[in-house]
Amino acid sequence: MTKDEKFVGKFMHATDHLRKVFGPADQGDMDSPVVHRHDAFEDESDDELLHIEQHTDSSGHHYAVRKTDRPAD
């Protein structure tokens, strides 16, 4: 048995023990949509991204350019 095989065996034994103690993993409802709630930091990031345009050059590289009509801070 190699070192990796021993590690995997120990890991699987540990997770099997945890399943016996805590029960099987709860997968939740896979058909329900994911609800994502924005916090203040994400709102600030979204506001900044409103002032940036994405461009693609002839080689397919993407880059960002700040819009010129951005209001002064």
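Throughout, residue positions are numbered sequentially from 1 according to the sequence presented.
- Heavy atoms from other residues, nucleotides or ligands lying under 6.0 Å from NE2 of His38 number more than 12.
- Heavy-atom neighbours of Phe22 CZ from other residues, nucleotides or ligands within 6.0 Å: at or below the threshold of 12.
- Using a 4.5 Å heavy-atom threshold, the side chains of Thr56 and His61 count as separate.
- Judged as a salt bridge (Lys or Arg N to Asp or Glu O under 4.0 Å), and not counting sequence neighbours, Lys10 has no contacts.
- A distance of 11.5 Å separates CG of Asp16 from CZ of Phe11, quoted to the nearest 0.5 Å.
- Atoms CD and CG, on Glu48 and Asp43 in that order, are 12.5 Å from each other to the nearest 0.5 Å.
- For Thr2, the side chain to side chain contact (heavy atoms under 4.5 Å, CB included) criterion is met by Asp4, Glu5, not counting sequence neighbours.
- The two atoms that bring Lys67 and Ile52 nearest to each other are CE-O, 4.1 Å, heavy atoms only.
- Identified under the salt bridge (charged side-chain N to carboxylate O under 4.0 Å, His left out) test for residues 27-38, with sequence neighbours left out: none.
- Two residues are said to be in side-chain contact when any heavy atoms from C-beta on lie closer than 4.5 Å; His17 and Met12 fail this criterion.
- Contact check for Asp39 versus Glu42: side-chain heavy atoms found under the 4.5 Å cut-off.
- For the atom pair NE2 of His62 and CD of Gln54, the computed distance is 6.0 Å after rounding to the nearest 0.5 Å.
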